[in-house]
Every structure is written in structure tokens, then in C-alpha cells.
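In what follows, chains carry the letters A, B, and so on, assigned in the order in which the sequence lines appear, proteins first and then strands, with residues in each chain numbered from 1. Only heavy atoms go into these numbers, but all of them, side chains included; no hydrogens, no water, no symmetry mates.
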There are 2 protein chains.
Amino acid sequence: MMQNKYLVIYQDLLEQIEDGIHPVDSYLPSENELKGQYQTSRETVRKALTLLSQNGYIQKVRGKGSVVLPRNKFDFPVSGLVSFKELRDKLGEDNKTHVLALETAVPSRHIKKQLMIDDDDTDTLVTTVIRAREINGEKVILDKDYFLAEKISGLTEQVAEDSIYQHLEGTLGLSISFAKKEITVEDPTEEDRESLDLDGFHNIVVIKNYVYLDDATLFQYTESRHRPDRFRFVDFARRHH
Amino acid sequence: MMQNKYLVIYQDLLEQIEDGIHPVDSYLPSENELKGQYQTSRETVRKALTLLSQNGYIQKVRGKGSVVLPRNKFDFPVSGLVSFKELRDKLGEDNKTHVLALETAVPSRHIKKQLMIDDDDTDTLVTTVIRAREINGEKVILDKDYFLAEKISGLTEQVAEDSIYQHLEGTLGLSISFAKKEITVEDPTEEDRESLDLDGFHNIVVIKNYVYLDDATLFQYTESRHRPDRFRFVDFARRHH
DNA sequence: AAGTGGTCTAGACCACCCA
DNA sequence: GGGTGGTCTAGACCACTTT
């Protein structure tokens with residue numbers, strides 16, 4: 001299995017950082033050393049280091065080297081595109097997924113708008129998946145996913161209970177490229193009250209997510225509605241001067 | 001004033017995109033064309049395009065070119081490091097800043113922990129700034145900033161009412177490199193109730209921000225506490241395969 | 001086949017840090 | 001002054017899209 005050289009270097013170094021071979025506050029080997037170790041050019045080494053830097057693992061300091069940054073164990077993968085399955089695997093708590101709906105149909109006005117489908121368009125079908133996420137016996141997250149039906153297939157209840165993303169990227173070979181997220185706090189809807197264990201909570205955290213493929217086409221809109229006590233968002237942002 | 005070539009190209013193209021010279025869904029000139037236009041090498045052109053791509057302005061598509069992506073006018077600068085001043089300038093609403101505290105002292109246990117200062121350390125001073133932000137006559141955001149005092153100077157009430165960031169980057173020449181953010185929803189504290197117009201709101205959105213300089217040293221911890229109806233966070237995240 | 005972006009190379013000069 | 005990362009070059013080959 002051949003890979004891009006810079007990705008091999010990236011993954012190598014990442015593993016070494018996670019294994020503590022390069023502890024926090026220590027310096028990675030210099031770009032010249034790495035260039036020798038991997039029998040490659042300096043620009044290729046730099047590509048790997050730039051990726052590590054973008055993902056918050058190292059900081060490059062002029063005249064000194066690349067320092068390993070501290071990482072909080074609980075950080076979710078850097079700023080998003082995080083699915084419930086990944087999250088659940090990290091947290092390792094008791095949990096369950098209830099599939100409340102799974103259907104393919106002509107979407108409502110509101111969903112058409114979110115997916116940039118023309119209002120007059122009555123041909124484009126959208127697959128809707130609604131799931132309640134249960135953690136430690138309480139239903140605390142309501143996930144409402146809307147997919148362009150033409151792009152997906154084989155979406156069964158089984159798949160929806162596990163990980164849709166795995167299905168998309170693994171089985172269907174779709175390549176997710178980027179996403180736009182918006183986080184707000186709203187009043188719970190009737191649906192929220194019915195589907196979740198809201199107890200005494202008066203608010204709900206809403207994450208709206210627009211997901212795009214490699215060819216820049218929008219193909220998914222997701223609304224993830226969290227009970228406030230079960231919401232946490234971690235972000236790493238670099239300033240591009 | 002000489003600049004890096006790739007930044008010149010980046011800013012040029014960005015301006016052209018914002019001016020509509022390259023409308024949404026159109027393709028930028030190809031890398032070969034740009035290389036000619038700017039009398040430079042292709043790798044340098046690619047560096048500029050990569051920046052545009054990271055910041056969510058374009059999507060590069062293999063075999064086709066660089067497509068201009070749609071942008072919501074209201075997007076704040078991509079995922080963060082947004083200061084209240086920037087935000088206020090965008091929104092253009094009536095607003096005011098009340099400086100509630102400004103002092104330099106040995107910090108509390110809790111703040112020491114946030115700024116990675118040793119518990120036994122009684123020498124390191126921290127400058128605390130507490131500000132309430134008023135929008136349309138209501139105090140809706142409480143900003144609590146803690147700076148390593150040795151790194152800053154000349155922080156007056158005047159400066160605090162305007163933009164501390166401008167002071168840091170402009171006047172002091174500090175170079176902010178990256179930040180880690182955590183967003184959660186909590187119960188309001190006594191301080192929140194006293195300093196803000198919470199009306200009937202039962203929750204408060206808390207953004208904890210750890211800001212680092214170019215040399216990877218932590219120098220600021222900020223807690224920004226928003227009334228839920230006045231909170232909105234927008235994020236653009238690329239998937240690095 | 002021609003054009004596009006993706007990767008890689010071997011070298012160069014510069015700005016910065018440190019002994 | 002020697003080592004570090006930051007920028008830039010002129011070329012090469014590849015994978016993909018389009019005609």
C-alpha cells in the first residue's frame with residue numbers, strides 16, 4: 001500500500017508524539033535531520049510538519065525548531081466533523097442510539113433551503129434520519145440528518161445505529177472535504193421535549209452542520225440538538241497572519 | 001513595504017473574490033496562468049491558493065481548477081480568535097463597554113491553574129480585566145481576561161474600552177499564534193447575575209480561551225460569558241485526510 | 001491530447017537563535 | 001558562525017477531467 005511520502009512522515013511523527021517518544025515541550029528532529037532520515041527533500045518534510053502544526057500537535061519556532069504542544073486528553077478531534085460514534089468511543093460511557101425515523105422523500109421547504117435545492121424542484125429526493133442518543137440511560141442528543149438521496153444508498157437502520165460516516169467514507173467511498181458549523185442556543189421545540197429527557201433544562205444547544213464533498217457540492221445538512229449539560233465543543237484555531 | 005510574494009497573491013485574489021471579480025461557483029485562473037501573471041513559480045502560487053482554501057474561500061478540484069465557495073455575509077472570521085471589537089464592527093449595533101475591573105496582582109489558585117503557573121509561584125503577576133459588553137442597551141456579555149503581566153504593559157482603561165488585541169498586536173508587537181477554545185453551557189454565577197441583564201435566562205454560554213504566542217508560550221486566559229440569545233459561533237473546518 | 005491540480009526534488013537565499 | 005525554520009525557484013512526473 002503506497003502512500004504519499006509527506007503523509008507517511010506525518011503519521012510517523014504523530015505516532016511518536018502520542019507514544020511519548022517526543023514528549024511535550026521537547027523538539028522534534030530538525031527538518032534537515034528528518035530529510036535525511038526519510039531520504040526525501042526538505043519541502044516534503046515541511047509539508048508533514050505543517051500538517052502537524054495545523055492540527056495543533058506542534059509549534060514551529062524560527063531559529064529553534066518544532067516544539068511538541070501539550071494536548072488535553074479529552075480534546076475531540078480538532079474542531080469538528082465529529083460524529084457521535086467517535087465521541088462515544090472516546091468517552092466510553094454507556095450509550096445507545098434510537099432511530100426515530102429513516103425515510104427518503106421530497107423535502108420540506110425549510111430543508112430545501114438548507115440543502116440549496118431550488119424551491120420549484122420536485123425531483124430531488126432527500127433521505128432523512130432522526131436519531132436520539134442515549135448516554136447513561138438518558139436521551140440527551142437529538143440528531144437530525146438530511147442527505148441528498150442520489151449520493152447515498154444502502155442506508156439501513158443497522159447502519160444508522162452504528163456510524164453513518166463510516167458507511168459513507170468506507171463503503172460508499174464518498175470523500176468529505178469540509179463543513180460549515182453554526183452553534184446557537186435555542187428554546188426546546190415540542191419534538192425536543194418528546195424525544196429527549198430534558199428534565200428541568202430550559203435551553204437546547206443547536207449545532208447546524210453543512211457538509212461538502214471534494215467537488216464542493218453540498219450533500220448533507222445536520223442539526224444536532226444537545227441538552228446543555230451534555231454539550232462541549234473544543235476548537236483549535238491558528239491565526240494566519 | 002515589501003511582503004511575501006505568496007501573501008501578496010493571497011490578498012490580491014481575496015480582494016478580487018470579495019469584489020465579485022471571481023463570483024461564487026466560478027473558477028480562479030489556473031495555477032499556470034497565475035504563475036505567469038505574478039512572474040513566480042507554481043509552488044508559490046499554490047501556497048497562496050492553499051491559504052485561500054484553508055480559510056474557506058475556495059475549493060481546489062483536481063483536473064478542474066479552484067472554485068469560489070459561497071460565503072454567508074455574516075460569517076465571522078473563520079473559527080475564532082474573534083474579539084468583541086471585530087464582532088461589534090460587523091454587527092454595527094449600538095454598544096458600549098463597561099470596564100468593571102483592571103488590576104495587576106498575584107492570581108488566585110484557579111487562575112494560576114488556567115495559565116499553567118506553578119502553585120508555589122508567588123512572583124508571577126497577572127493582569128485581570130473584567131468587562132461587561134452592552135448591546136442595544138442590554139449588558140449581555142461578560143469578558144474576564146487574565147494576562148501574564150510581564151508580557152503586557154500600558155494597559156489602561158482607555159485601551160480596555162477599545163480593543164486590547166489591537167494594543168497587543170499593534171502597539172506592543174506581540175504575535176498571537178494560536179488559541180484553544182472550549183465552549184460549554186453553565187448555570188449563571190452570582191457575578192453573572194450582578195453584571196449582566198440576564199432577564200429570564202437560566203443558562204450562560206461560557207467560552208474559555210487559551211491564547212498562545214509565536215514561541216508557543218501561553219500568555220492569556222479568557223472567559224467570555226454570553227447570554228444564550230446573544231451567542232453565535234461559526235466554524236469552518238476542513239477534513240485533512 | 002491538452003489542461004488541470006497533487007506530489008516531489010535539489011538547490012538557493014534569508015531571518016532568527018544561540019553558544 | 002553554525003544551526004534552525006521561512007520563502008522561493010524551475011523543473012519533473014502523476015492522476016484526473018475535459019474535449
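Looking at B:Lys112, its side chain does come within 3.5 Å of a backbone N or O of B:Asp119 through a donor-acceptor pair. Of the possible polar contacts, none joining the B:Arg42 side chain to the B:Leu34 backbone as a donor-acceptor pair under 3.5 Å is found.
Rounded to whole Å, the distance from NZ on A:Lys64 to C1' on C:dA15 is 15 Å. In this entry the distance linking NZ of B:Lys35 with C1' of C:dG5 reads 13 Å, nearest Å.
Ring geometry, A:Tyr212 versus A:Phe178: the interplanar angle falls under 30°, so the pair is classed parallel (tilted spans 30 to 60°).
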Verify side chain to side chain contact (heavy atoms under 4.5 Å, CB included) between A:Leu148 and A:Gln220, making sure each step is shown before the conclusion. CA-CA 6 Å; A:Leu148 284 188; A:Gln220 177 192 3; over 6 Å; no
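DNA chain C is contacted by both A:Arg42 and B:Pro29; B:Pro29 maps to the nucleotide lying nearer its 5′ end (nearest heavy atom per residue). Where B:Lys60 and A:Gly63 each meet DNA chain C at their nearest nucleotide, the meeting point lying more 5' is that of B:Lys60.
Under a cutoff of 6.0 Å and an axis angle of 45°, B:Lys180 and B:Tyr210 do not form a cation-pi pair.
A distance of 6.0 Å or more separates the ring centres of A:Phe147 and A:Tyr221.
Note that the first and last nucleotides of DNA chain D, 5' to 3', having any atom under 4.0 angstrom from a heavy atom of chain B are D:dT7 to D:dT18.
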